[in-house]
Amino acid sequence: MSGDTHILELSGLKKSFGALSIIQGVDLQVARGSRHAIIGPNGAGKSTLFNLISGAFPPTAGGIALNGRSIAGLAPAQINRLGLSRSFQITNVFAKQTVLDNVLIGVMARHGVRFNLWQFTSNMKELRNEAIALLADVRLDHRAETLASDLAYSELRALEIGMTLATGPEIILLDEPTAGMSREETSYIVGLIRRLTEGKTLLMVEHDMGVVFDLCDEVSVLVYGKVLMTGAPAEVRANREVQAAYLGEEAI
Ligand SMILES: Nc1ncnc2c1ncn2[C@@H]1O[C@H](COP(=O)(O)OP(=O)(O)OP(=O)(O)O)[C@@H](O)[C@H]1O
């Protein structure tokens, strides 16, 4: 296995729900240090693929290797400890906790401290400082004491990215981080992602081809649970099969 070059490798990966075969034998290699996008029409299986990689679902067949080590069938927390972090959905943000406390949860998990907002551990100050530094990274330090429920939409997505980074991952999975954003918000979040994934690996599901072109080195096209092609963004955009798969779906 080429765990040195490829931080993540999927081989013959399959997932069925009853008789429905959703992921139909995916082979995919994510180069260490790259920013890799997965694109594809609605219902192609992109979220299901993320659920398999992050351990939310066990695969029906096939392999998933992280740093050359099999992670297929491991629990999400185990996979997270091995260095893979998936963006929390907004619903996983604790709305009635402050922005700082939301990030602190991840920082505490990274240090193996049990989550208890009311119990102060001896190194609480250090953990808080680490959380504050992370908030500064996602430009939310000025919102540290704000309740998560009071954040603007783009701030909430930035918090979500901060929470993803809090466990100190090597590879980050982001599911449509710019969905529903204005152009200004999108370019703000893209800048944030570019800076924060420096020296790490990013795998993202993204519908906005502008974002993909701006941010990613490689693109894989998923259609009906199979990878149609993987290549550089320009190569993928020029491919006729890809254009046909997108016809009536996305402007590519
Ligand atoms: N738990 C499940 N049980 C049954 N079918 C499922 C389940 N999860 C997903 N599916 C089906 O798998 C297919 C692929 O869904 P998935 O959400 O992975 O696609 P997607 O490419 O992420 O789509 P979108 O771009 O719309 O988010 C859909 O037809 C969906 O209904």
Side-chain angles (χ1 to χ4, degrees), residues 2-13 23-50 52-54 64-66 84-87 154 157-158 161 164-165 169-252:
S2 57
D4 286 347
T5 325
H6 298 118
I7 186 167
L8 185 70
E9 289 188 276
L10 313 181
S11 47
L13 195 63
I23 300 296
Q24 309 195 41
V26 163
D27 295 304
L28 186 75
Q29 300 182 317
V30 178
R32 189 180 301 283
S34 66
R35 297 196 187 99
H36 194 130
I38 297 179
I39 65 168
N42 292 327
K46 303 180 294 296
S47 297
T48 304
L49 200 61
F50 265 27
L52 293 174
I53 299 169
S54 61
I64 308 172
L66 177 65
L84 183 146
S85 186
R86 181 189 176 169
S87 63
S154 61
R157 300 303 306 249
I161 294 169
T164 310
L165 290 163
E170 283 179 72
I171 174 165
I172 300 154
L173 271 57
L174 297 179
D175 201 344
E176 295 193 53
T178 67
M181 286 188 186
S182 68
R183 264 171 72 173
E184 288 73 26
E185 289 172 326
T186 296
S187 91
Y188 171 71
I189 291 288
V190 166
L192 210 68
I193 294 172
R194 182 181 294 114
R195 188 165 49 79
L196 295 173
T197 54
E198 211 54 61
K200 296 180 187 288
T201 308
L202 172 70
L203 182 63
M204 71 192 296
V205 168
E206 185 54 69
H207 278 282
D208 184 332
M209 284 308 287
V211 171
V212 171
F213 268 82
D214 221 12
L215 207 53
C216 296
D217 323 297
E218 276 214 293
V219 184
S220 293
V221 186
L222 195 71
V223 180
Y224 295 123
K226 287 183 179 157
V227 175
L228 187 65
M229 79 170 288
T230 294
E235 207 183 322
V236 167
R237 186 158 67 172
N239 184 284
R240 282 183 181 271
E241 269 190 281
V242 174
Q243 289 168 357
Y246 266 89
L247 219 59
E249 285 272 356
E250 321 283 332
I252 187 167

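Worth knowing before you read on, the calculation uses all heavy atoms, side chains too, and leaves out hydrogens, waters and symmetry mates.
For the pair L8/T201, no side-chain contact is recorded, criterion being any heavy-atom separation below 4.5 Å from C-beta on. Using a 4.5 Å cut-off on side-chain heavy atoms (C-beta onward), R157 and M181 make contact. Side-chain contact between V236 and I39: present, with at least one pair of heavy atoms (C-beta onward) separated by less than 4.5 Å. Side-chain contact between M204 and V212 is absent, with no heavy-atom pair separated by less than 4.5 Å.
Distance CD/E185 to CG/L192: 12.5 Å, rounded to 0.5 Å. In this structure, the separation between CD1 on I64 and CD on E9 is 12.0 Å, given to the nearest 0.5 Å. Considering CD1 of I171 and CG of L203, their distance stands at 5.5 Å, rounded to 0.5 Å. Once rounded to the nearest 0.5 Å, the distance linking CD of E170 with CD1 of I7 reads 4.5 Å. The CD1 atom of I53 sits 4.5 Å away from atom CG of L49, with the distance rounded to the nearest 0.5 Å. Separating the CD1 atom in I172 from the OG atom in S87 is a distance of 10.0 Å, to the nearest 0.5 Å.
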- Query: Do I38 and L28 pass the side chain to side chain contact (heavy atoms under 4.5 Å, CB included) test, and can you show the C-alpha distance, the side-chain angles, and the key distance before you say yes or no?
  - Reply: CA-CA 10 Å; I38 297 179; L28 186 75; 4.1 Å; yes
- Worked verdict on L173 versus L84 for side chain to side chain contact (heavy atoms under 4.5 Å, CB included): CA-CA 8 Å; L173 271 57; L84 183 146; 4.0 Å; yes
- Task: Could you please spell out the steps behind the side chain to side chain contact (heavy atoms under 4.5 Å, CB included) verdict for V205 and S47?
- Result: CA-CA 8 Å; V205 168; S47 297; 5.8 Å; no
- Message: Run L215 and E206 through side chain to side chain contact (heavy atoms under 4.5 Å, CB included) and show every step you take.
- Response: CA-CA 11 Å; L215 207 53; E206 185 54 69; over 6 Å; no
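S154 and I189 make their closest contact through O-CD1, 3.7 Å (heavy atoms, listed as atom of the first residue, atom of the second, distance). Between G45 and I23 the shortest heavy-atom distance is O-CD1, 3.4 Å. When all heavy atoms of P233 and C216 are compared, the closest pair comes out as CG-O, 3.4 Å. Considering all non-hydrogen atoms of both residues, R194 and R35 come closest at O-NH2, 2.9 Å. When all heavy atoms of V30 and S34 are compared, the pair lying nearest together is CG1-OG, 3.9 Å. Contact between A44 and V223 at its shortest, heavy atoms only, is CB-CA, 4.2 Å.
In this structure, R237 is positioned above the aromatic face of F213, its NZ or CZ under 6.0 Å from the six-membered ring centre and within 45° of the axis.
Using modelled atom types, one side-chain atom of S85 and one backbone atom of T164 make a donor-acceptor pair closer than 3.5 Å.
Annotation: side-chain hydrogen bond (donor to acceptor under 3.5 Å, both in side chains) contacts involving residues 215-236, sequence neighbours excluded, comprise H36-S220, S220-T230.
Salt bridge D4/R32: absent, no basic N to carboxylate O contact under 4.0 Å. We find that K46 and E176 are not joined by a salt bridge, their nearest charged nitrogen and carboxylate oxygen being 4.0 Å or further apart.
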